[in-house]
Amino acid sequence: MDKLIIRGGKQLKGEVSISGAKNAALPIMTASILASGKSNFARIPDLMDVRTMGKLLSNMGASYSYNKGIAEIDSSSMNKFEAPYESVKTMRASVLVLCPLVARFGRAKVSLPGGCAIGARPINLHLMGLEKMGAKIRLESGYVIAKASRLKGASIYFDTVTVTGTENLMMAAVLAKGTTILENAAREPEVIDLANCLISMGAKIKGAGESVIEIEGVDELRPLKNYEIIPDRIETGTFMSIAGITGGDLIMKDCRPEHLDAVMMKLTDAGVMFKETKRGLRVIGPEKLIAKDVKTIPYPGFPTDMQAQFMAMMTIAKGTSVIKETIFENRFMHVAELERMGADISTEGGTATIKGVEKLKGAPVMATDLRASASLIVAALCAEGETTIHRIYHLDRGYEKMDEKLKKVGADIERVKG
Ligand code: EPU
């Protein structure tokens, strides 16, 4: 298992190229199931999760190739409509094949995801919506088995805002007979990107990015050509935190700052400065960060996927900050690791109170999930001495060449293969 060794204390300076968004790439890849023929997409990041999705589609009979950010998927030869346990347990986003399969082929067998490191994460809302659209669903030996001759439009209200739930049902509705209304839908930029991609395929969707989405089903969609996905806002936010904590000066190339309003406002309050330049967004870290409180909420609120990185920054800020996690019940796994580095954090339920300390000290730590790994990198880059981060396969699932990008801007970071 690879690990990262980081010697902290360097002020990072230079340009960082932001990759395509993991959480846009994954649903968009599954959208290729909806039309027979060859689809291709640009700016797909070279990540473990993308490879897992490619493998899942290949195992279902599609042909998949990837070269330098271009993914090509030919779904015309698909003949197996199953996402097995092995795939779903490796990557929850595998459930995004459920609705496209039922919409195009009338059936799907998808393993139930089960719990994961950050919370229970059920898919009851995906199933509720699909059932409302006329699918017959049964659960058997850990699998969801769904069938429908043709889905029909329905009005669906989400009790909880769900990103992949909204995406899955949007993909069910585009080929259904009649109109579907999704209420209290997720408004994340990745939902809009998927909607734009479906519209390019011939779908009729209004309101993506708002909380009510209206979809008028069509009989057929055409494959997608040369669609370029949006930049990764969480990778951008992670590098912003890195500039913030190291007192660095980084230029984010190819990012979309408008997707990070809440994050940038909080970082500004904490002392980080932003300047638009011709080369990209310049992010300048302060001499001393100021403690600020944060509460995670669905987009356009502060993203749960940035909570751990923000907490890492707050460990050395002036004052005490309170971070409330409201999306996932177990997303504080990084706390114990940050404490190993000298952070002063107490938690109670979904609330963490962080008392800023003068400095962090390097220590051996363990990555427990994707964003937790990112937070340990943020912390290690400012810590005194050496930090070894174990189990960085979590990081490789969602960050493209993070260590190489950091090296380029002056970080003392080394990947040890093992
Ligand atoms: N929920 C339900 N029932 C459902 C679906 C969700 O109760 O049927 C609950 C969840 O348990 C959670 C809340 O609703 O408490 C929100 O979960 P959501 O469904 O929005 O999460 P997701 O779609 O599984 C996506 C991202 C996550 C990100 C969350 C929240 C992808 C592939 N994943 O997950 O990304 O944290 O939205 O923004 O888009 C990551 O990239 O590290 C990551 C975990």
Side-chain angles (χ1 to χ4, degrees), residues 2-25 42-51 66-70 228-257 259-260 263-264 267 272 274-275 277 279-285 303 305-306 308-310 312-313 367 369-383 386-389 391-417:
D2 290 7
K3 55 189 178 189
L4 283 179
I5 298 177
I6 297 175
R7 281 167 284 267
K10 294 258 181 341
Q11 267 186 324
L12 304 191
K13 289 202 167 95
E15 292 183 353
V16 180
S17 288
I18 301 300
S19 300
K22 166 181 87 80
N23 290 347
R43 209 182 194 194
I44 300 290
D46 188 8
L47 300 172
M48 191 55 83
D49 274 8
V50 165
R51 289 192 278 274
Y66 180 86
N67 187 22
K68 292 191 183 131
I70 309 284
E228 187 174 305
I229 64 161
I230 54 170
D232 198 308
R233 65 193 163 98
I234 305 301
E235 186 197 18
T236 311
T238 303
F239 276 104
M240 287 174 173
S241 313
I242 286 170
I245 205 166
T246 63
D249 189 344
L250 296 179
I251 291 185
M252 317 276 153
K253 284 169 64 184
D254 311 317
C255 71
R256 293 271 292 270
H259 292 164
L260 284 134
V263 171
M264 286 169 68
L267 291 182
V272 179
F274 296 96
K275 283 183 187 159
T277 74
R279 299 200 56 81
L281 181 71
R282 187 169 165 204
V283 188
I284 306 161
D305 290 345
M306 275 299 300
Q309 301 88 313
F310 191 82
M313 286 177 69
D369 69 74
L370 172 57
R371 307 304 169 186
S373 355
S375 78
L376 297 178
I377 292 185
V378 174
L381 286 167
C382 83
E386 189 173 287
T387 299
T388 306
I389 308 179
R391 295 203 182 162
I392 55 153
Y393 57 85
H394 289 292
L395 184 82
D396 295 335
R397 289 186 51 184
Y399 286 89
E400 190 177 41
K401 301 189 178 80
M402 178 76 147
D403 42 329
E404 288 175 32
K405 289 185 186 185
L406 284 169
K407 219 178 236 168
K408 267 196 192 148
V409 292
D412 185 346
I413 181 168
E414 190 186 333
R415 179 183 283 256
V416 179
K417 299 257 175 206

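For this chain, numbers begin at 1 and follow the sequence in order.
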Say you draw a straight line from [atom1] of [X] to [atom2] of [Y]; how long is it, rounded to the nearest 0.5 Å?
X	Y	atom1	atom2	value
D2	I389	CG	CD1	12.5 Å
L395	D403	CG	CG	7.5 Å
L370	I392	CG	CD1	12.0 Å
T388	R7	OG1	CZ	8.5 Å
I18	E400	CD1	CD	10.5 Å
D254	R279	CG	CZ	10.0 Å

Fill in: Full working for side-chain contact (heavy atoms from CB on, under 4.5 Å) between V263 and Q309
CA-CA 11 Å; V263 171; Q309 301 88 313; over 6 Å; no
Kindly indicate whether the side chain of [X], heavy atoms from C-beta on, has any atom under 4.5 Å from the side chain of [Y].
X	Y	answer
V272	M240	no
I70	R43	no
K10	T246	no
L406	L12	yes

Taking the basic N atoms (NZ, or NE/NH1/NH2) and the acidic carboxylate oxygens, is any pair closer than 4.0 Å for [X] and [Y]?
X	Y	value
R51	D46	yes
K22	D232	no
K13	D249	no

Could you tell me which non-hydrogen atom of [X] sits nearest to which non-hydrogen atom of [Y], and how far apart they are?
X	Y	value
T236	M252	O-SD, 4.1 Å
D305	N23	OD2-ND2, 3.9 Å
S19	P45	CB-CB, 4.3 Å
M48	R397	CB-CA, 3.7 Å
V378	I242	CG2-CG1, 3.9 Å
H394	A367	CD2-O, 3.4 Å

Worksheet item: Which residues satisfy the ring pair (Phe, Tyr, Trp, His ring centres under 6.0 Å) test with Y399, sequence neighbours excluded?
Response: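 Residues passing ring pair (Phe, Tyr, Trp, His ring centres under 6.0 Å) with Y399: none at all.
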Discussion item. Donor-acceptor pair, distance only, cut-off 3.5 Å: does the side chain of K408 make one with the backbone of V16?
Written reply: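 Between the backbone of V16 and the side chain of K408 there is no qualifying donor-acceptor contact (under 3.5 Å).
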Practice prompt. Using atom types as modelled and distance alone, determine if a side-chain donor or acceptor of Q11 lies under 3.5 Å from a backbone N or O of G247.
Written response: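 It does hold such a pair.
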Item to complete: For K407 and E404, run side-chain contact (heavy atoms from CB on, under 4.5 Å): C-alpha distance rounded to whole Å, both residues' side-chain angles, the deciding distance at 0.1 Å, then the answer.
Response: CA-CA 5 Å; K407 219 178 236 168; E404 288 175 32; 5.6 Å; no
Discussion item. Before you tell me yes or no, could you show the steps for M402 and F239 under side-chain contact (heavy atoms from CB on, under 4.5 Å), namely the whole-Å CA-CA distance, both residues' side-chain angles and the distance that decides it to 0.1 Å?
Written reply: CA-CA 10 Å; M402 178 76 147; F239 276 104; 3.7 Å; yes
Worksheet entry | Worked check of side-chain contact (heavy atoms from CB on, under 4.5 Å) between L267 and F274 | CA-CA 9 Å; L267 291 182; F274 296 96; 3.9 Å; yes
Worksheet item: Taking everything shown except K405 itself, do over 12 heavy atoms lie less than 6.0 Å from its NZ?
Response: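 Enclosed.
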